[in-house]
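I have placed the structure first, in the form of structure tokens, so that the comments after it can refer back to it.
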Amino acid sequence: MEMKPSPYSLYSASYMKKGSLKNHHGRSEKPHCEEASMSDLNLQNPSNLILPPLGVSSYNQNQIESKGRIISPVDSRYRCWETLMVVLVAYSAWVYPFEIAFLKPYPKRALYIADNTINLFFAVDIVLTFFVAYIDPKTQLLVRDSRKIAMRYLSTWFLMDMASTIPFEAIAFFFTGKHQVGLSYSLLGLLRFWRLRRVKQFFTRLEKDIRLSYFWVRCARLLSVTLFLVHCAGCLYYLLADRYPHQGRTWIGAVIPNFRETSLWIRYISALYWSITTMTTVGYGDLHAVNTMEMIFIILYMLFNLGLTAYLIGNMTNLVVEGTRRTMEFRNSIEAASNFVCRNHLPPRLKEQILAYMCLRFKAESLNQQQLIEQLPKTICKSIRQHLFLPTFEKVYLFKGISKETLLLLVADMKAEYIPPREDVILQNEAPDDVYIIVSGEVEMIDCETEKERVVETLQSGNMFGEVGALCCRPQRYTYRTKALSQLLRLKTNALIEAMQNKQEDYVAVFKNFLQHRKLKDLSIGDLVLEGGEEDDDSNMSINLLTVASTGNAAFLDELLKAGFDPDIGDSKGRTPLHIAALKGHEDCVLALIKHACNIHLKDMDGNTALWDAISAKHHSIFRILYHCAAMSDPYIAGDLLCTAAKRDDLMVMKELLKHGLHVDSKGHHGLTAIQIAMEENRVDMVKLLVMNGADVSDSDKRKFSSVNLNEMLQKREIGHLISLPDTTPEEMLFRRHEGEQECNWGRSKQETCYTRVSIYRGHPVVRRDTHCTEAGRLLSLPNSIDELKSVAGEKFGFNARNALVIDEGGAEIDSIEVIRDNDKLFIVEDPNSFM
């Protein structure tokens with residue numbers, strides 16, 4: 001699991017120190033003191049942490065507390081009980097071999113009572129274990145089901161715990177009235193050594209507790225193991241001498257003939273002396289084996305020591321070097337952090353926060369989850385993230401109603417991380433680069449504007465934060481601070497924007513959800529948008545408005561504009577929402593932008609205005625709206641449009657402009673007309689079009705236009721002889737019909753003929769629109785008469801069109817071929833009476 005290396009770790013929330021919690025302004029606060037203290041205690045000992053698996057939202061920090069009959073394994077009271085049981089284990093394991101070897105025929109009364117009292121404590125512990133929750137090693141969740149707890153205990157350690165607790169000597173005394181110290185009862189007492197596993201667990205927990213020195217804890221563990229083995233071997237060796245029938249023929253009898261009459265202390269020290277010299281193989285002095293039984297025991301003991309020594313050296317070396325490498329690195333990092341804090345005189349609250357962060361990272365890294373995911377193929381990683389995070393992701397309000405495809409793209413970019421308690425994830429007035437979703441834990445929204453911090457809201461599992469900065473491109477109004485150990489899903493803002501761009505309808509749905517959520521919270525979306533022009537060049541905000549404008553959702557666009565979004569914001573190519581709406585033909589969006597006082601005259605990187613985009617895309621209604629608005633503020637708008645079309649040699653746009661009634665001799669801001677620019681640029685076809693549409697050439701520099709005979713062209717215009725163009729015009733077709741001319745004679749081959757082309761459709765245009773008719777039309781050359789046109793149309797559509805009507809897009813009847821122009825759309829109506 002990846003830990004978040006927050007850059008604000010040194011400047012975020014304070015931890016409790018000596019019973020008080022200080023805020024950023026140095027004031028003492030007490031509402032969260034107990035919680036912070038408990039969190040610090042847990043984080044300083046990684047074994048106390050319970051991390052939920054990835055994507056699990058049902059986990060809550062309160063679940064680790066003891067409730068009802070169920071006891072939490074990390075509860076401080078239960079930890080104290082475990083520590084007491086470890087002390088009792090050490091006592092019973094130490095006393096048992098001593099009693100068997102040195103105290104005969106039966107132990108003293110005080111020790112007898114103590115042994116049975118300790119057994120009573122272990123019996124109570126067995127009962128308590130049936131109520132202690134446990135951590136599932138597979139899911140890492142705390143299991144609190146009493147039935148599962150009981151079944152797990154009964155199937156694992158219950159029998160051995162029970163056998164090691166039964167007081168066999170007391171039971172025998174109850175039935176026989178005598179103390180039984182025979183071999184059978186001595187062997188049954190060996191079951192007490194089963195309790196030693198508690199000592200191992202105890203030392204393991206101490207090694208991970210950063211409040212204790214790892215070096216001294218490790219030394220204490222090794223020393224305890226060594227002394228215990230020496231003690232057991234010495235007691236057993238003395239037992240052999242004590243039970244040997246010939247008193248003088250024993251290792252201790254050869255030195256002390258009447259050793260049974262000597263003090264207990266001398267006999268015990270002698271046994272330990274022999275045991276330690278044998279274990280360390282330093283050789284023997286006067287205490288050596290005398291009889292055969294002792295020699296056999298020493299041989300077995302030495303062989304055992306050889307194996308034990310080799311095992312200890314090999315495994316301890318491997319354990320210290322490899323197994324404790326991460327622990328040592330962790331301890332070294334803790335020491336380095338402490339030295340850093342002391343060297344720079346940082347306040348204690350920062351030290352506590354640094355230590356808490358490092359402890360949590362150590363615990364998260366030990367699970368090795370993120371490393372495992374990264375080692376897998378990309379497809380498997382995506383499948384894992386979908387399985388883990390998709391259920392949580394679908395519950396988030398921001399992504400309601402978006403497509404499954406976009407959801408999967410977002411989930412593939414998610415990363416999970418654990419954040420310790422009281423950690424600032426996002427600071428107030430910070431522009432975050434990430435959006436966060438809470439899987440488990442709690443996050444507080446804190447207002448730090450006032451002298452005293454104020455908690456605005458507490459976010460729970462399934463909530464998200466940081467989306468304001470992502471969608472509105474402004475700093476956050478609040479600080480977001482974890483209240484408890486939290487698991488968060490982190491998504492980069494750029495990844496969110498890129499995923500939304502794949503489907504514009506998803507982007508609109510996300511923004512609608514955002515606005516609706518803000519309304520439900522009684523927060524104005526206008527308050528979320530920065531005033532002024534500081535964010536005019538921000539790419540995220542421009543993407544929002546341009547995306548909505550491109551989809552044609554005028555109502556949503558109007559709502560954003562009312563909220564204070566800049567209508568003139570542009571993208572990387574300088575295109576404003578008005579450019580996009582005009583180019584795509586969204587008239588309602590154009591009206592909404594004009595209502596909010598957008599600048600009609602802005603140009604993109606290519607020098608195009610929204611007027612140019614509208615006319616080039618043949619959106620005539622939008623062009624008329626924009627032209628009317630632009631003409632009121634700029635008297636040269638007509639001249640600029642015509643001059644631009646002439647300079648770019650765009651015949652199609654020039655024809656459309658002239659169709660809308662723009663005066664051919666209108667002057668632009670530079671005082672030039674379109675014909676002047678066309679002649680200066682030597683645009684032959686453009687000059688022909690402008691001249692034949694009445695352009696005045698008296699003020700033009702005719703010397704620069706030498707590729708044609710201008711006087712001949714003017715003469716033809718005066719007698720109605722129109723010039724043909726490469727993109728055939730109705731004037732050329734009319735001239736061809738009147739004069740019988742079949743060739744285009746302007747800079748073209750005399751063998752090349754030109755024809756007027758029209759598109760003809762079957763049915764009335766109104767009916768086609770209402771019924772959404774998709775029947776294709778027919779492209780044909782314009783005949784010489786209406787009757788011929790009807791005949792050709794009848795052949796194309798397979799019906800008798802002699803009595804049919806020919807109408808235009810507006811529904812007007814056409815009865816003369818001369819009014820038809822190139823590229824017109826015509827409609828042939830079979831039954832004229834149906835529309836009478």
**Message:** Between Arg260 and Asp242 (side chain of the first, backbone of the second, donor and acceptor by atom type, cut-off under 3.5 Å), is there such a pair?
**Reply:** yes
**Message:** What's the separation between atom OH in Tyr134 and atom CZ in Arg144, rounded to the nearest 0.5 Å?
**Reply:** 13.0 Å
**Heavy-atom closest pair, residues Phe340 and Asn344** = O-ND2, 2.8 Å
**Request:** Taking Ser486 for its side chain and Ala484 for its backbone only, find out whether a donor-acceptor pair lies under 3.5 Å.
**Result:** yes
**Chi angles and distances behind the ring-ring contact (aromatic ring centres under 6.0 Å, His included) call for Phe228, Phe193** = CA-CA 11 Å; Phe228 179 72; Phe193 290 144; 5.8 Å; yes
**Message:** Rounded at 0.5 Å granularity, tell me how far CD1 in Ile166 sits from CG in Asn119.
**Reply:** 10.0 Å
**Nearest heavy atoms of Cys235 and Ala101, plus distance in Å** = O-CB, 3.2 Å
**Asked** Do other residues, nucleotides or ligands put more than 12 heavy atoms under 6.0 Å from the CE atom of Met160?
**Response** yes
**Asked** Between the main-chain N or O of Ser164 and the side-chain N or O of Arg195, is there a donor-acceptor pair closer than 3.5 Å?
**Response** yes
**Item:** Heavy-atom side-chain contact between Pro73 and Leu142 under 4.5 Å
**Value:** yes
**Asked** Side-chain contact, heavy-atom cut-off 4.5 Å: Leu264 with Phe98?
**Response** yes
**Item:** Arg343 CZ: over 12 foreign heavy atoms closer than 6.0 Å
**Value:** yes
**Request:** May I ask you to say whether Arg211 pairs ionically with Asp209, meaning some side-chain N is under 4.0 Å from a carboxylate O?
**Result:** yes
**Message:** If I compare all heavy atoms of Met293 with all of Leu240, which pair ends up nearest, and what's the gap?
**Reply:** CG-CD2, 4.2 Å
**Message:** I'd like to know if the side chain of Ser275 and the backbone of Ala271 have a donor-acceptor N/O pair within less than 3.5 Å.
**Reply:** no
**Request:** Might you work through the side-chain contact (heavy atoms from CB on, under 4.5 Å) test for Val86 and Phe203, ending with a clear yes or no?
**Result:** CA-CA 10 Å; Val86 169; Phe203 276 110; over 6 Å; no
**Message:** I want to check something: taking the side chain as every heavy atom from C-beta on, are Arg481 and Val443 in contact at a cut-off of under 4.5 Å?
**Reply:** no
**Message:** With rounding to the nearest 0.5 angstrom, report the CG to CG distance, Leu120 to Asp115.
**Reply:** 13.0 Å
**Request:** Using a 4.5 Å cut-off on heavy atoms from C-beta on, say whether the side chain of Met85 contacts that of Phe202.
**Result:** no
**Request:** Show the numbers, then the answer: is there a salt bridge (charged side-chain N to carboxylate O under 4.0 Å, His left out) between Lys483 and Glu423?
**Result:** CA-CA 8 Å; Lys483 185 178 180 181; Glu423 173 80 7; over 6 Å; no
**Request:** May I ask you to check if Arg267 and Phe259 form a cation-pi contact, with NZ or CZ under 6.0 angstrom from the six-membered ring centre and within 45° of the axis?
**Result:** no
**Item:** CD1 on Ile299 to CD on Glu294, rounded to 0.5 Å
**Value:** 12.0 Å
**Asked** If only atom types and distance count, is the side chain of Trp274 paired as donor or acceptor with the main-chain N or O of Ile252 below 3.5 Å?
**Response** no
**Asked** Is there a donor-acceptor contact under 3.5 Å from the side chain of Asp125 to the main chain of Phe121?
**Response** no
**Prompt:** Out of curiosity, Phe304 CZ to Thr278 OG1, how far, rounded to the nearest 0.5 Å?
**Reply:** 13.0 Å
**Asked** Is there a donor-acceptor pair under 3.5 Å between the side chain of His231 and the backbone N or O of Trp94?
**Response** yes
**Prompt:** Would Asp161 and Phe122 count as a side-chain contact (heavy atoms from CB on, under 4.5 Å) if you check the C-alpha gap in whole Å, the side-chain angles of each, and the deciding distance to 0.1 Å?
**Reply:** CA-CA 8 Å; Asp161 286 348; Phe122 280 103; over 6 Å; no
**Prompt:** Do Leu154 and Phe130 have side-chain heavy atoms sitting under 4.5 Å apart?
**Reply:** yes
**Ring geometry between Tyr237 and Trp251 (parallel below 30°, tilted from 30 to 60°, perpendicular above 60°)** = parallel
**Message:** So, applying side chain to side chain contact (heavy atoms under 4.5 Å, CB included) with Val132, which one of Ile70, Asp75, Ile149, Ile71 is it?
**Reply:** Ile71
**Item:** Shortest non-hydrogen contact from Leu229 toward Tyr301
**Value:** O-OH, 4.5 Å
**Item:** Quiz item: cation-pi between Arg197 and Trp157, 6.0 Å / 45°
**Value:** yes
**Message:** I'd like to know if the side chain of Thr482 reaches the main chain of Leu485, judged simply by a donor and an acceptor atom lying under 3.5 Å from each other, with no hydrogens or angles considered.
**Reply:** no
**Message:** Within the structure provided, determine whether Val425 and Leu488 are in side-chain contact (heavy-atom separation under 4.5 Å).
**Reply:** yes
**Prompt:** Side chains of Arg221 and Glu207: does their closest heavy-atom pair fall under 4.5 Å?
**Reply:** yes
**Item:** Parallel, tilted or perpendicular: ring planes of Trp265 versus Tyr268, cut at 30 and 60 degrees
**Value:** tilted
**Request:** Show your reasoning for whether side-chain contact (heavy atoms from CB on, under 4.5 Å) applies to Leu239 and Ile100.
**Result:** CA-CA 8 Å; Leu239 182 64; Ile100 298 298; 4.1 Å; yes
**Message:** Contact between Ser440 and Ser461 at the side-chain level, heavy atoms closer than 4.5 Å - yes or no?
**Reply:** no
**Residue from Phe297, Phe102, Tyr273 passing ring pair (Phe, Tyr, Trp, His ring centres under 6.0 Å) with Tyr238** = Phe102
**Request:** Give the minimum heavy-atom separation between Tyr91 and Ile118, together with the two atoms involved.
**Result:** CD2-CD1, 2.8 Å
**Prompt:** Could you state the interatomic distance from CG (Asn339) to CD1 (Ile334), rounded to the nearest 0.5 Å?
**Reply:** 11.5 Å
